[in-house]
J.: 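Below is one structure. I have some questions about it.
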There are 2 protein chains.
Amino acid sequence: MKKHIYIFSPSSAIRDKAVVRRGVQRLKALGHEVELDEAVFATHMRFAGDDETRLAAIHRAAASGADVALITRGGYGLTRLLPGIRYKTVAKAIDKGMKFVGLSDFTAFQCAVMAKTGSVTWAGPALGEDFGIEGEPDDIMQACFEDLVSGQGEGAGWQLPASEAQDKPLHIKGQLWGGNLAIITSLAGTEWLPRVKGGILFLEDVHEHPYRVERMLTQLLYAGVLKDQKAIILGHFTNYKPVPHDKGYRLKTVVDWLRTQVKAPVFTNLPFGHVPTKVALPVGAKVNLEVEGRDAFVLWGHSH
Amino acid sequence: MKKHIYIFSPSSAIRDKAVVRRGVQRLKALGHEVELDEAVFATHMRFAGDDETRLAAIHRAAASGADVALITRGGYGLTRLLPGIRYKTVAKAIDKGMKFVGLSDFTAFQCAVMAKTGSVTWAGPALGEDFGIEGEPDDIMQACFEDLVSGQGEGAGWQLPASEAQDKPLHIKGQLWGGNLAIITSLAGTEWLPRVKGGILFLEDVHEHPYRVERMLTQLLYAGVLKDQKAIILGHFTNYKPVPHDKGYRLKTVVDWLRTQVKAPVFTNLPFGHVPTKVALPVGAKVNLEVEGRDAFVLWGHSH
């Protein structure tokens, strides 16, 4: 089904335009109409244009009438913009059916939209890193994105490690939220972090050593965020450098420690993060988390 | 004046005992009695012993009756311990004259003690990196430490960049607090961050790219911390790696941006951080910040 996809750059500057062009070609090849925001290639130091330019891009995306507003890339730049975003305008676009899609730095936008309006956005791919790569984009990522774009998606499933298998089926109902751990943590103590009671929190990160992951989880723990969650789901934590000083301290150490700190179950292996194989997840939606044996599903029914 | 200095390891493990031994010899050569905590060389993965061991070390330091309790090093490990620290015991030791001294990860202890008890601790050197180096320890660091140990210190002064010179003398009175930016930020939204109204906040960091420094300052801004300060003083931000993507974005960009976000003056060049030349500063004390021309002073009168 042909959909209108609007591409914008709210965070870091695009350095290689070919990546974006390839991504656009791929989306077009899937049958979609793709519209590039006028500032998609803007640059201002690290940023895809100065703050005004990037804010205007977000608001043009909201005003575009597109079915999907997809970021070119993450990086850094959204936290700076949070006070300047017109949340009602964004919520109105979402009410009319627009799906904002992205990840990483985009988590700041997603959390702020959820905190200010309760509207649902989508944790999913970015145009560049997911569709613009030289090789073939990941099958599962593409299938999940197509489900999302078409509104046919009903959930996402994955396999848990054997150690997390549930003999008795587990059903947990809650509001799904999450994304990049560093970004979520960077919103603690601010008005931009949604207060989610009985939530299902998913987290991923990149370039963060396990001790930093632990320090961030500690912040969410002490801030009272973790105790309010019915389940915590960890995606991928990638591209950090173990050091000799670790002496056996690793990501698993942190996950084991986390389990001693919260009553909620902690599941891992969610196909999400800075990895090619990623599902699309509705941030802010009521979902069912179903676990049986090693099979886990996050289910939200039809997305419209 | 001979003082009793208690050395303990509340954070990362010591990997090179020679560094600690050298530091101890130097303090002894200055005429002090130096006592090593029994767990000073303990190791548990990255840590100087498991959580119980490090908590016990803190409490032994508090019970030691020493004049100064000095950390061996920072690293990582204190945020994990915050709920287990007996703050009244620590405050009682401080009331009797004990000075807890350290920096970096130790900022977590200092903030928590201040938040829970209002007691003053000292941002200053660590035994290993400052006194245990192979070459001669920094003169200014040693002089400031000696002033602190002897209780003769009345303040710390430094020279501002020409661009920050004040034609008219500036007098600002407030509660001094601060330390490592990453640690302070990691306490936002938690009970361990002191709520300081009319404060004078000093900050330093290491291994943090300017965009991360900016993201952390943004968090303190959005959390309402920065607007409550009468002055912000930046120490050294060191050992980060600029990348080609920065395209002119640098630490100065962040400082310039910070000045557009807060009404309080932002001063730089404070000799504090992960650098050899560092002053000692009372965290939680009422101080006077005096600036005239390029000369800046933080004055606290006699420290006892």
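Quick note on labels: first sequence line is chain A, next is B, and so on, each numbered from 1. Because the structure is predicted, anything quoted here is derived from the model rather than measured.
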J.: Out of B/Pro83, B/Ala188, B/Ser12, which one racks up the most heavy-atom pairs below 4.5 Å with chain A?
T.: B/Ala188

J.: Please check if the side chain of A/His245 supplies one atom and the backbone of B/Arg46 the other of a donor-acceptor pair under 3.5 Å.
T.: yes

J.: Counting only non-hydrogen atoms closer than 4.5 Å, does A/Arg15 touch chain B with its backbone (N, CA, C, O), its side chain (CB onward), both, or neither?
T.: side chain

J.: Report which part of A/Thr185 has an atom under 4.5 Å of a heavy atom belonging to chain B: side chain, backbone, both, or neither.
T.: backbone

J.: Which atoms of A/Glu214 come close to chain B, meaning under 4.5 Å heavy atom to heavy atom: side chain ones, backbone ones, both, or neither?
T.: both

J.: Would A/Asp51 and A/His44 count as having a side-chain donor-acceptor pair, cut-off 3.5 Å?
T.: no

J.: Of all the heavy-atom pairs spanning B/Pro276 and B/Asp130, show the shortest one and how long it is.
T.: O-OD1, 4.0 Å

J.: At a 4.5 Å cut-off on heavy atoms, which part of B/Val225 comes close to chain A: side chain, backbone, both, or neither?
T.: neither

J.: Before accepting this row, confirm whether a basic side-chain N of the pair A/Asp256/A/Lys252 lies closer than 4.0 Å to the acidic partner's carboxylate O.
T.: yes

J.: Sort A/Thr43 into side chain, backbone, both or neither according to what part of it lies under 4.5 angstrom from a heavy atom of chain B.
T.: neither

J.: Using a strict 4.0 Å threshold on nitrogen-to-oxygen distance, state whether B/Glu208 and A/Arg212 make a salt bridge.
T.: yes

J.: Heavy-atom cut-off 4.5 Å, strictly under: side chain, backbone, both or neither for A/Ala13 against chain B?
T.: both

J.: Heavy-atom pairs under 4.5 Å with chain B - which of A/Gly77, A/Gly189, A/Pro244 has more of them than the others?
T.: A/Gly189

J.: Quick one: does B/Ser104's side chain have a donor or acceptor within less than 3.5 Å of a partner on B/Gly74's backbone?
T.: no

J.: Using heavy-atom distances under 4.5 Å, tell me whether A/Leu220 contacts chain B through its side chain, its backbone, both, or neither.
T.: neither

J.: Which heavy atom of B/Leu78 sits nearest a heavy atom of B/Ser11, and at what distance?
T.: CD1-OG, 3.7 Å

J.: For A/Arg80, which atoms come within 4.5 Å of any heavy atom of chain B: side chain, backbone, both, or neither?
T.: both

J.: Between A/Asp246, A/Thr79, A/Thr218, which shows the greatest number of heavy-atom pairs under 4.5 Å with chain B?
T.: A/Asp246

J.: Can any side-chain N or O of A/Thr107 pair as donor or acceptor with the backbone N or O of A/Leu103 at less than 3.5 Å?
T.: no

J.: Highest number of heavy-atom pairs under 4.5 Å with chain A: which of B/Gly248, B/Gly75, B/Ala223, B/Ala108?
T.: B/Ala223

J.: So, A/Gln219 and B/Ser186: side-chain donor and acceptor under 3.5 Å apart, yes or no?
T.: no

J.: Among B/Phe47, B/Tyr249, B/Trp192, which has the most heavy-atom pairs under 4.5 Å with chain A?
T.: B/Tyr249

J.: Non-hydrogen atoms of chain A under 4.5 Å away: do they reach the side chain of B/Leu221, the backbone, both or neither?
T.: neither

